[in-house]
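What follows is a set of notes on a single structure, which appears directly below.
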Amino acid sequence: MLRLLAVLCLGLAAAADPTSEAQALLQRVLPKGRDAEFTVTIDAAAGDTFTIADGSKAGTVALTGNTAGSVAAALNWYLKYVAFCQMSWAGDNMKLASPLPKVGKTITQTRNYKYGYMANVCTVSYTQAWWRWPRWERELDWMAMNGINMPL
């Protein structure tokens with residue numbers, strides 16, 4: 001998880017195994033066992049882009065990105081706009097249909113900006129200072145899924 005934070009915040013993709021980091025995020029975020037219905041591919045040559053497509057096996061979804069963070073963003077896009085589920089600060093709706101909804105035409109999204117930031121210097125002192133690791137891990141996953149690579 002700390003490697004994922006390094007990848008997101010510092011761009012140290014070479015310092016971690018981005019495929020393992022992305023798969024670990026899927027295991028934490030999705031209902032138990034549902035991560036097996038997704039395949040993760042890292043394509044470092046793709047630029048800051050992700051694609052979402054129907055998997056090679058029926059009922060699976062293929063997520064491809066250039067980093068673990070872009071795969072996390074692909075998962076978030078799929079959950080919101082195809083599966084109509086979400087992970088949010090106000091609560092989660094992770095009632096995924098079985099089998100997973102088909103993507104249909106391959107979806108490609110390119111990030112139009114270098115940095116995605118959130119919070120401010122007071123947030124850490126007023127709120128986050130009291131968090132334990134499970135809450136931090138959830139926040140880091142949420143940040144990755146929402147394209148945050150520069151938390152203040």
Side-chain angles (χ1 to χ4, degrees), residues 1-9 13 16-43 46 48-113 115-120 123-124 126-152:
M1 187 64 214
L2 293 176
R3 280 189 239 144
L4 177 59
L5 181 61
V7 169
L8 293 173
C9 297
D17 173 15
T19 302
S20 295
E21 297 296 338
Q23 289 171 331
L25 182 139
L26 269 67
Q27 290 172 350
R28 287 189 302 273
V29 169
L30 296 171
K32 188 172 180 85
R34 299 302 301 267
D35 59 292
E37 299 172 63
F38 292 84
T39 58
V40 171
T41 304
I42 301 295
D43 180 3
D48 206 352
T49 299
F50 67 74
T51 60
I52 308 165
D54 291 318
S56 58
K57 292 193 307 187
T60 64
V61 173
L63 305 174
T64 303
N66 68 315
T67 65
S70 63
V71 171
L75 173 65
N76 194 43
W77 204 100
Y78 174 81
L79 290 173
K80 282 184 181 180
Y81 301 112
V82 179
F84 303 111
C85 294
Q86 71 174 3
M87 175 183 174
S88 76
W89 287 338
D92 298 342
N93 170 13
M94 288 293 181
K95 296 176 183 156
L96 288 168
S98 187
L100 290 173
K102 288 184 176 276
V103 176
K105 185 178 175 189
T106 298
I107 298 162
T108 301
Q109 296 285 319
T110 301
R111 187 177 177 113
N112 294 322
Y113 45 89
Y115 301 110
Y117 71 93
M118 67 167 275
N120 60 53
T123 304
V124 174
Y126 294 152
T127 304
Q128 296 169 336
W130 310 108
W131 290 356
R132 299 288 186 252
W133 176 246
R135 180 62 182 94
W136 270 110
E137 189 171 48
R138 178 180 166 78
E139 188 73 9
L140 293 171
D141 290 342
W142 181 89
M143 287 191 294
M145 291 172 66
N146 285 280
I148 305 300
N149 60 3
M150 187 190 299
L152 300 179

Considering only heavy atoms from C-beta outward, does the side chain of Leu79 approach that of Leu96 to under 4.5 Å?
-> yes
Between the CG atom in Leu75 and the CG atom in Leu30, the distance rounded to the nearest 0.5 Å is 5.5 Å
Would you mind listing every salt bridge (Lys or Arg N to Asp or Glu O under 4.0 Å) that reaches into residues 33-42, with sequence neighbours excluded?
-> Arg34-Glu37
Basic-acidic side-chain contact under 4.0 Å: Asp54, Lys102 = no
Within a strict 4.5 Å, meaning less than it, do heavy atoms of the Cys85 and Tyr78 side chains meet?
-> no
Looking only at non-hydrogen atoms, find the nearest pair between Gly59 and Pro99 and report the distance.
-> CA-CB, 4.2 Å
With Met145, the side-chain contact (heavy atoms from CB on, under 4.5 Å) member among Val71, Asn76, Leu140 = Asn76
Val40 and Leu26, any side-chain heavy atoms less than 4.5 Å apart = yes
For residues Ala68 and Pro18, report the shortest heavy-atom separation together with the two atoms involved.
-> CB-O, 3.6 Å
Can you measure from CE (Met118) to CE (Met143) and round to the nearest 0.5 angstrom?
-> 6.0 Å
Criterion side-chain contact (heavy atoms from CB on, under 4.5 Å) on Ile52 and Val82, from CA distance to verdict = CA-CA 10 Å; Ile52 308 165; Val82 179; 5.8 Å; no
Indicate yes or no: at least one non-hydrogen side-chain atom of Phe50 is less than 4.5 angstrom from one of Leu63.
-> no
Could you tell me which non-hydrogen atom of Pro101 sits nearest to which non-hydrogen atom of Ala83, and how far apart they are?
-> CG-CA, 3.9 Å
Any pair counted as salt bridge (Lys or Arg N to Asp or Glu O under 4.0 Å), so long as it reaches residues 81-101, sequence neighbours left out = Asp92-Arg138
Decide side-chain contact (heavy atoms from CB on, under 4.5 Å) for Asn66 and Ile42; before the verdict, give the C-alpha distance in whole Å, the side-chain angles of both, and the deciding distance to 0.1 Å.
-> CA-CA 5 Å; Asn66 68 315; Ile42 301 295; 5.9 Å; no
How many angstroms lie between atom CG of Asn149 and atom CZ of Arg111, to the nearest 0.5 angstrom?
-> 4.5 Å
What is the distance from atom CH2 of Trp77 to atom CD of Gln109, rounded to the nearest 0.5 Å?
-> 6.0 Å
Who passes side-chain contact (heavy atoms from CB on, under 4.5 Å) against Ser88, sequence neighbours left out?
-> Gln86, Ala90
Can you find a pair of side-chain heavy atoms, one from Phe38 and one from Gln23, that are under 4.5 Å apart?
-> no
Interatomic distance, CG@Asp48 vs OG1@Thr67, rounded to 0.5 Å, equals 6.0 Å
Indicate whether any N or O donor in one side chain lies under 3.5 Å from an N or O acceptor in the other, for Thr106 and Thr51.
-> no
